[in-house]
Amino acid sequence: MNQKPISKEELFKELDYYQSMNCKYTDGNILGSMCTEPHPIAKEVFIKFFESNLGDPGLFKGTLALETKALNLLGSILSIKNPAGHIVTGGTEANLMAMRAIKNIARDEKGITKPEIIVPKSAHFSFKKAEDMLGFKLIEGKLDENYSLDIDFVENSINENTIAIVGIAGTTELGMIDPIPQLSDLAVENDIHLHVDAAFGGFSIPFLKNIGFDLPDFDFSLPGVKSMTVDPHKMGLAPIPAGGILFRDKHYLDAMSVDSPYLTVKHQSTIVGTRVGATSAATYAVMRHLGIEGYTNRAKEAMDKSLFLSENLKKLGYNLVVEPKLNIVAFNHPNIETDDFANILEDYGWRTSCSSYPKAIRVIVTNHLTHNNLVDFLKDLEEIMDKF
Ligand SMILES: *Cc1c(COP(=O)(O)O)cnc(C)c1O
């Protein structure tokens, strides 16, 4: 490190250089990101609550109250009053917390020492991290022709060591929704936990259902659903890091509580100790500011654009992997291998991403993509189709 302090001016010159290396959502060419430009309100509130430490909430009682209020707002769109839970760093931490609670409860209340958890093959890789850290066995469930978890597979895989099923509401790669109502029935019948990972879909499915989109029930209105992950920092327009973990009651948090002797609270259930409070405040603020109407308009707009894109892709001769259920469109060129196609798109200036199962180009139609961006994208795709 430098011996003498350097001036703010000099420092910012250096930082500006590094910042200029970043892609910007406003450039309109980021097609493969589940996160988007946070709402301007989010930025202001984040800075306002910048120093809050929710690891020591006795010192930040106001921010703690805002965390609870943010959770209650999340609960209100996911059919639960006063959920237990936390605003955490993202879907990964939320899923880890859910798996930890489930594993502890199965150990302490049922004496299960070799736990198994069934997840769809389409599950986010955070469950692999959870498997590694928590020492349960992950059973990867087969998908049906719509890339959703196959119910027969789940039914046949449940045994005396099964402690939970995970259903995904809005898969990371394709935006598909597992048959959560049927999974809920299986969970209730077999007295096992159902966790719903709605990290991506949690901020659009409720609003789309409200205005008549034909999507399955997926939340706490189903009796088998005991915990849910939802990411305010994806479709919720909150700043990173903002994830939500919601449990049906406090017993799940108690199952992972440890003593925290030197703090203003004597127990902690979260994985991290010192933890960001600014995102709780910002998540609450953005949700209040937008309201149901604001999110509904955005979810509808994202779907309209997704359907515009998918219809035009078909017209140009591209192969859709599946009709989009949410705002993710996955497709392939009939004659070019996916990775090569991605490279060609990159040469045209488009930052796409690829799905792994099946292999395809994946476009997430988030808030920062305008209709004109998509028109430009389709023009390039027309040219590519003519060339190859
Ligand atoms: C994005 C995502 C996650 C992980 O969330 P992070 O915020 O990136 O940690 C988990 N599950 C699903 C379904 C996701 O789409």
Side-chain angles (χ1 to χ4, degrees), residues 30-36 38 42 70 74 78 85-100 102 117-134 138 140-141 143 147-149 164-180 183 194-206 215-216 218-219 225 227-246 270-272 275-276 279-280 282-283 299 302 306 324-330 353-357 362-367:
I30 301 180
L31 303 178
S33 169
M34 304 188 95
C35 293
T36 185
L74 290 173
L78 300 173
H86 285 287
I87 301 296
V88 294
T89 54
T92 299
E93 192 184 347
N95 286 338
L96 272 172
M97 278 184 70
M99 297 303 104
R100 180 171 171 225
I102 298 163
I117 296 177
I118 304 171
V119 304
K121 186 179 164 61
S122 54
H124 186 264
F125 52 79
S126 47
F127 292 99
K128 295 224 168 81
K129 297 182 184 175
E131 177 188 34
D132 187 38
M133 283 189 240
L134 297 168
L138 205 58
E140 275 199 4
L143 304 185
Y147 300 100
S148 299
L149 183 54
I165 311 168
V166 173
I168 317 289
T171 58
T172 308
E173 295 201 331
L174 302 177
M176 294 294 115
I177 304 171
D178 288 325
I180 312 291
L183 294 176
L194 174 58
H195 173 69
V196 174
D197 181 356
F200 179 67
F203 265 94
S204 50
I205 300 169
L215 298 170
F218 77 111
D219 64 14
V225 176
S227 57
M228 290 189 77
T229 289
V230 55
D231 264 2
H233 68 200
K234 288 180 180 165
M235 295 298 289
L237 304 180
I240 297 169
I245 177 65
L246 279 69
T270 46
I271 294 172
V272 296
R275 78 190 170 88
V276 59
T279 41
S280 279
T283 299
S306 302
K325 282 263 181 321
L326 297 177
N327 51 317
I328 298 182
V329 181
S353 75
C354 292
S355 59
S356 65
Y357 184 79
R362 150 183 183 270
V363 172
I364 301 119
V365 186
T366 40
N367 214 47

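Note that ligands are numbered from 1 as they come in the structure, with each ligand's atoms numbered from 1 the same way.
Under the rule for a ring-ring contact (aromatic ring centres under 6.0 Å, His included), F127 has no partner lying at least two apart in sequence or in another chain. Every residue meeting the salt bridge (charged side-chain N to carboxylate O under 4.0 Å, His left out) condition with E140, not counting sequence neighbours, appears here in chain and number order: K128. Residues passing the side chain to side chain donor-acceptor pair (under 3.5 Å) test with H195, sequence neighbours excluded: N95, S227, T229.
Counting all heavy atoms, side chain and backbone alike, A198 lies closest to F218 at CB-CE1, 4.1 Å. The two residues S280 and I87 make their nearest non-hydrogen contact at OG-CB, 3.3 Å.
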Determine, step by step, whether E173 and S356 satisfy the side-chain contact (heavy atoms from CB on, under 4.5 Å) criterion, reporting the C-alpha distance in whole Å, the side-chain angles of both residues, the deciding distance to 0.1 Å, and the verdict.
CA-CA 8 Å; E173 295 201 331; S356 65; 2.9 Å; yes
Show me the short polar-atom pairs for ligand 1: any N or O of it lying under 3.5 Å from a protein N or O, with distances only.
unit_1, atom_1, unit_2, atom_2, d
ligand 1, 5 (O), G91, N, 3.2
ligand 1, 5 (O), D231, OD2, 3.3
ligand 1, 7 (O), G91, N, 2.9
ligand 1, 7 (O), D231, OD2, 2.8
ligand 1, 7 (O), H233, NE2, 2.8
ligand 1, 9 (O), G91, N, 3.3
ligand 1, 9 (O), T92, N, 2.8
ligand 1, 9 (O), T92, OG1, 2.6
ligand 1, 11 (N), D197, OD1, 3.2
ligand 1, 11 (N), D197, OD2, 2.6
ligand 1, 15 (O), T172, OG1, 2.9
ligand 1, 15 (O), K234, NZ, 3.0

